[in-house]
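Read through the structure below, which is laid out as structure tokens, and then see the notes.
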2 protein chains.
Amino acid sequence: MAQAHISSEKEIKERTGGWLARLAEQGYRITGSRRAVVDVLAEAGTSLSPAEIYEQGRVAHKQLGLVTVYRTLEKLEELGLVQRVHRPDGCHAYIPALHGHEHLLLCQECGRVEYFRGDDLSELSRRLEGESGYTINDHWLQFFGVCAACQ
Amino acid sequence: MAQAHISSEKEIKERTGGWLARLAEQGYRITGSRRAVVDVLAEAGTSLSPAEIYEQGRVAHKQLGLVTVYRTLEKLEELGLVQRVHRPDGCHAYIPALHGHEHLLLCQECGRVEYFRGDDLSELSRRLEGESGYTINDHWLQFFGVCAACQ
DNA sequence: GCTATAATTGAAAATGCTTTTCAATTACTG
DNA sequence: CAGTAATTGAAAAGCATTTTCAATTATAGC
């Protein structure tokens, strides 16, 4: 098994940079509201619910509406830039989307998110296909714990 | 890696047998409504939403109320007998709970659920702890695909 | 830089799932 | 079998999310 590789700060910036450009490319307009939502998500380091994004986004853009947060998340999700995180206690928070075969490590206290690579589940996947008769399209691997800061 | 082991029909029955006895042990009363909810979940083989359980439960117990479905699920979940399944498209369906280190294989078409063992994530988990500084408490591993019947 | 125009916005209303309230019913104990 | 507390289902309340709609605003073309 390869050594687990946890994404660096720099890799996170690369993950979240260029979101506004991507929106513009798709013909969407760049507005103060969208900028606010994108900025909050790109800088958070934790998963955030629509209400949290709304609250934090209003600091930079006072007139931001919760409805616009929902609508912006919808577009960012369509473009594969953000995604929901699923947790035992709720599945309504968003994070910058996973790239390729990454997986997640989540802090149960503060919601902090780490992205990692380093497993290889393709062998297990093939074995399961053989034994079950399923055609497997996708998988999730997530670890839950408490981050260093929260301990 | 050990060969993936998918739960047999018999193992599923063992998983779901004795739920009513467990409820009684805890001082809960055995009622027609609870029996109906338990029976539906124990026989399904797929994940079911509260509304689906309600609908199917009413076949055996006409006066079943949706509220009672919610309340019964809450108790079964407390006792560790059922749990929610998380899927990209929704996290409000229930299945008989996982035992020990089992994981899930889910059919994206019909919701069918297979339980399997055969991975070993403890090594990866330890490695991640070392690299991230997290204390890891739990993990999820789920595969998504299309079952033989749905292909 | 200005204007026209369609996209976008936020507020209010609507929706839909889940929870709470409450009086009537029912399972269980003695 | 009777007494009692748990349980029930219906209706109301609660809450997150979506829709509606008139006002605003980003952008393309001049």
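Throughout, a chain's letter reflects where its sequence line sits, starting with A, and its residues are numbered from 1.
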*Any sub-3.5 Å donor-acceptor pair from B:Gln83's side-chain atoms to B:Leu98's backbone N or O?*
yes

*asked:* Checking contacts here: which listed nucleotide (C:dG10, D:dT27, C:dC28) is nearest the side-chain heavy atoms of B:Ile30?
replied: C:dC28

*Closest nucleotide of DNA chain D for A:Gln63 versus for A:Pro50: which of these residues is on the 5' side?*
A:Pro50

_Short side-chain N/O contact to D:dA26 OP1/OP2 from A:Arg34, under 4.0 Å_ = no

_Main-chain N/O of B:Pro96 paired to B:Tyr115 side chain as donor or acceptor, under 3.5 Å_ = yes

*Round to the nearest Å and state the distance from B:Tyr54 atom OH to C:dT19 atom P.*
16 Å

*Round to a whole Å and report the spacing from CD of A:Glu25 to P of D:dT27.*
14 Å

*Is the shortest side-chain N/O distance from B:Thr31 to OP1 or OP2 of D:dT8 below 4.0 Å?*
yes

_For A:Arg22, is there an ion pair with A:Glu25 - N to carboxylate O distance below 4.0 angstrom?_
yes

*asked:* Could you tell me how far apart A:Lys62 (NZ) and C:dA11 (P) are, to the nearest whole angstrom?
replied: 14 Å

*Taking atom C1' of C:dT9 as reference, at what distance in whole Å does atom NZ of A:Lys75 sit?*
11 Å

*Given C:dG10, is OP1 or OP2 found less than 4.0 Å from the side-chain N or O atoms of A:Ser33?*
yes

*Report the distance from atom CZ of A:Arg29 to atom P of C:dT9, rounded to the nearest whole Å.*
10 Å

_Nearest-nucleotide comparison on DNA chain C, the residue closer to the 5′ end among B:Ala24 and B:Glu74_ = B:Glu74

*asked:* If we ignore hydrogens and angles and just use 3.5 Å, is the side chain of A:Glu102 paired with the main-chain N or O of A:Ser7 as donor and acceptor?
replied: no

*Rounded to whole angstroms, how far apart are CG on B:Leu23 and P on C:dC28?*
11 Å

*Report the residue (A:Gly65 or B:Arg71) whose heavy-atom-nearest nucleotide on DNA chain C is the more 5′ of the two.*
A:Gly65

*Picking from C:dT8, C:dT9, D:dA10, which would you name as closest to the side chain of B:Val67?*
D:dA10

_Rounded distance in Å - CG (B:Leu66) to P (D:dA10)_ = 10 Å

*Starting at atom NE2 of B:His92, determine the distance to atom C1' of C:dG16, rounded to an integer number of angstrom.*
11 Å

_Check this for me, if you would: do A:Arg127 and A:Glu131 make a salt bridge, where the nitrogen-to-carboxylate-oxygen distance has to be below 4.0 angstrom?_
no

